[in-house]
Amino acid sequence: LLDVSACTPLAPVATNAKGDADEPSPDAIEPYSVDEQRSRSDRWAIEGAMGLTQARTDAYTSRLNEFGYDRGFLLWGRFTLGVSRILVPHLAVVAQLGTLSADTYNRSIASETDNVTMRAYGGAVYLRTYAESKWLGVYGQAGVGPSIGVVTVETQQSGVPPKSTDTSIGYLMSGALGVTARLRWTFTFFAQAGFDYAPAITNLIGDTHDSGGFSGELGLRVRLGKGP
């Protein structure tokens with residue numbers, strides 16, 4: 001038998017795996033930044049907002065004034081619904097549908113009342129750039145798309161239809177600046193101020209009404225993913 005009692009024990013020697021001895025282990029690799037984590041985990045979001053918009057005056061409304069119509073309300077409600085997708089950190093694309101400014105004009109002739117009601121709707125695709133800290137953020141967005149204008153005329157005059165509706169199609173150019181407050185769950189509150197240009201309503205003599213204007217909104221964004 002081999003006698004090993006006279007052998008000197010050796011201390012174990014650390015060895016490296018095959019490859020570069022200076023290469024860090026996987027546990028030492030830096031994790032994604034917060035922005036990169038959010039762009040991966042919160043890539044999609046649904047958002048809705050409501051607020052007020054100011055109706056505009058122009059050649060179209062001046063023509064109504066010439067025919068004795070007086071303007072109704074100055075401010076109108078506004079509602080939008082959209083979906084967003086983060087492309088890369090600090091840049092997202094947004095598709096949005098919503099109401100634009102509205103207006104009413106009325107006149108009285110010999111105790112008979114005529115009303116003109118204008119409504120407009122728009123949809124646009126936006127590019128949104130943003131910057132966020134852990135809880136707060138700011139953003140700006142700009143987009144283009146189509147708009148639809150609807151004019152309803154109601155009259156008590158004889159010899160003409162009591163009600164008629166005309167629909168026209170135009171375009172929408174829109175921009176907004178906003179601030180966000182991010183919650184621990186999947187919600188983000190936001191407030192924004194914007195401006196729309198939407199020549200969506202025309203008449204037979206070539207006057208065009210801009211159904212855009214300044215607006216202010218408060219909204220909620222629901223992130224479709226688990227945040228960092």
Asks: Nearest 0.5 angstrom please: D70 CG to N65 CG, how far?
Replies: 7.0 Å

Asks: Are L172 and Y197 close enough that some pair of their side-chain heavy atoms sits under 4.5 Å apart?
Replies: no

Asks: Just verifying a value: how many Å separate T57 OG1 and L64 CG, rounded to the nearest 0.5 Å?
Replies: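 Rounded to the nearest 0.5 Å, the OG1-CG separation comes out at 11.5 Å.
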
Asks: Tell me, do L218 and M50 make a side-chain contact under 4.5 Å, heavy atoms counted?
Replies: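 Contact flag for L218/M50 side chains = no.
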
Asks: How close do A102 and A55 get, heavy atom to heavy atom, and via which atoms?
Replies: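 Taking every non-hydrogen atom into account, O-CB, 3.3 Å.
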
Asks: So, for A124 and G143, which heavy atoms are closest and what is the spacing to 0.1 Å?
Replies: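 In terms of heavy atoms, the two residues are closest at CB-C, 4.4 Å.
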
Asks: Set out, in order, the CA-CA distance, both residues' side-chain angles and the distance that settles side chain to side chain donor-acceptor pair (under 3.5 Å) for T180 and Y139, then state yes or no.
Replies: CA-CA 8 Å; T180 61; Y139 67 91; over 6 Å; no

Asks: Can you measure from OH (Y60) to OG (S211) and round to the nearest 0.5 angstrom?
Replies: 9.0 Å

Asks: Considering non-hydrogen atoms only, spot the tightest contact between F190 and L220 and give its length.
Replies: CE2-N, 3.5 Å

Asks: At what distance, to the nearest 0.5 angstrom, does CG of L127 lie from CG of L87?
Replies: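 With rounding to 0.5 Å, CG (L127) is 7.0 Å from CG (L87).
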
Asks: Can you tell me how far CD of E154 sits from NZ of K163, rounded to the nearest 0.5 angstrom?
Replies: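 One finds 5.0 Å between NZ of K163 and CD of E154.
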
Asks: S147 and Y171: side-chain donor and acceptor closer than 3.5 Å?
Replies: no

Asks: Any Lys/Arg nitrogen of E47 or R128 sitting under 4.0 Å from an Asp/Glu carboxylate oxygen of the other?
Replies: yes

Asks: Quick check: do F214 and T53 have side-chain heavy atoms less than 4.5 Å from each other?
Replies: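 A side-chain contact is absent here, since even the closest heavy-atom pair is not under 4.5 Å.
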
Asks: Are F79 and F73 linked, directly or through other ILVMFWY residues, by side chains that come within less than 4.5 angstrom of each other?
Replies: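 Cluster IDs for F79 and F73 differ.
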
Asks: Do D196 and M173 have side chains that approach each other closer than 4.5 Å (heavy atoms only, starting at C-beta)?
Replies: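 Counting from C-beta outward, D196 and M173 never come under 4.5 Å.
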
Asks: Heavy-atom distance under 4.5 Å between the side chains of Y121 and R119, does that happen here?
Replies: yes

Asks: Consider only side-chain N and O atoms of Y130 and Q141, and report whether a donor and an acceptor are under 3.5 Å apart.
Replies: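 No pair is found: no donor N or O on one side chain lies under 3.5 Å from an acceptor on the other.
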
Asks: Could you tell me whether the side chain of Q156 and the main chain of T113 form a donor-acceptor pair under 3.5 Å?
Replies: yes

Asks: Determine whether N203 and H209 make a side-chain contact, defined as any pair of heavy atoms from C-beta on separated by less than 4.5 Å.
Replies: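 The answer is no; the side chains never approach within 4.5 Å.
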
Asks: Walk me through whether L136 and R182 qualify under side chain to side chain contact (heavy atoms under 4.5 Å, CB included).
Replies: CA-CA 6 Å; L136 302 178; R182 182 184 179 97; over 6 Å; no

Asks: Answer yes or no: is there a donor N or O on one side and an acceptor on the other, between the side chain of S168 and the main chain of A200, under 3.5 Å?
Replies: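 Here the side-chain-to-backbone pair exists.
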
Asks: Might you point out which heavy atoms bring R107 and F67 nearest each other, and give the distance in Å?
Replies: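 For R107 and F67, the tightest heavy-atom pair comes out as NH1-O, 2.8 Å.
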
Asks: Are I148 and M118 grouped together when hydrophobic residues (ILVMFWY) are joined by side-chain heavy atoms under 4.5 angstrom apart?
Replies: no

Asks: Quiz question: by atom type and distance under 3.5 Å, do the side chains of R223 and T188 form a donor-acceptor pair?
Replies: yes

Asks: Which of these, V150, V153, V151, sits in a side-chain contact (heavy atoms from CB on, under 4.5 Å) with T165?
Replies: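 So, applying the side-chain contact (heavy atoms from CB on, under 4.5 Å) to T165 and each of V150, V153, V151, only V150 qualifies.
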
Asks: Would you compute the distance between atom CD1 of I109 and atom CG of D114 and round it to the nearest 0.5 angstrom?
Replies: 5.5 Å

Asks: Taking the side chain as C-beta and beyond, is there a heavy-atom pair between Q54 and L52 under 4.5 Å?
Replies: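 In short, these two side chains do not touch, never coming nearer than 4.5 Å.
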
Asks: Identify the heavy atoms of D58 and D210 that sit nearest to each other, and give their distance.
Replies: OD2-N, 2.8 Å

Asks: For F189, is the NZ or CZ atom of R221 found under 6.0 angstrom from the centre of its six-membered ring and inside 45 degrees of the ring axis?
Replies: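 No cation-pi geometry.
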
Asks: Is there a side-chain contact between V222 and F187 (heavy atoms, below 4.5 Å)?
Replies: yes

Asks: Hydrophobic clusters here meaning ILVMFWY residues chained together by side-chain heavy-atom distances under 4.5 Å, can you tell me if V116 and W76 are in one?
Replies: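 No.
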
Asks: Where do P199 and T208 come nearest, in terms of heavy atoms and distance?
Replies: CB-CG2, 3.6 Å

Asks: In sequence, state the C-alpha distance, the side-chain angles, and the governing distance for V125 and V93, and then conclude on side chain to side chain contact (heavy atoms under 4.5 Å, CB included).
Replies: CA-CA 7 Å; V125 176; V93 62; 3.9 Å; yes

Asks: S101 side chain to G212 main-chain N or O, any donor-acceptor pair under 3.5 Å?
Replies: yes

Asks: Start with the C-alpha distance between D103 and R71, add both sets of side-chain angles, then the distance that settles salt bridge (charged side-chain N to carboxylate O under 4.0 Å, His left out), and finish with yes or no.
Replies: CA-CA 8 Å; D103 218 339; R71 189 180 189 183; 3.3 Å; yes

Asks: Looking at T129 and L91, would you say the former's side chain and the latter's main chain have a donor-acceptor pair under 3.5 Å?
Replies: no

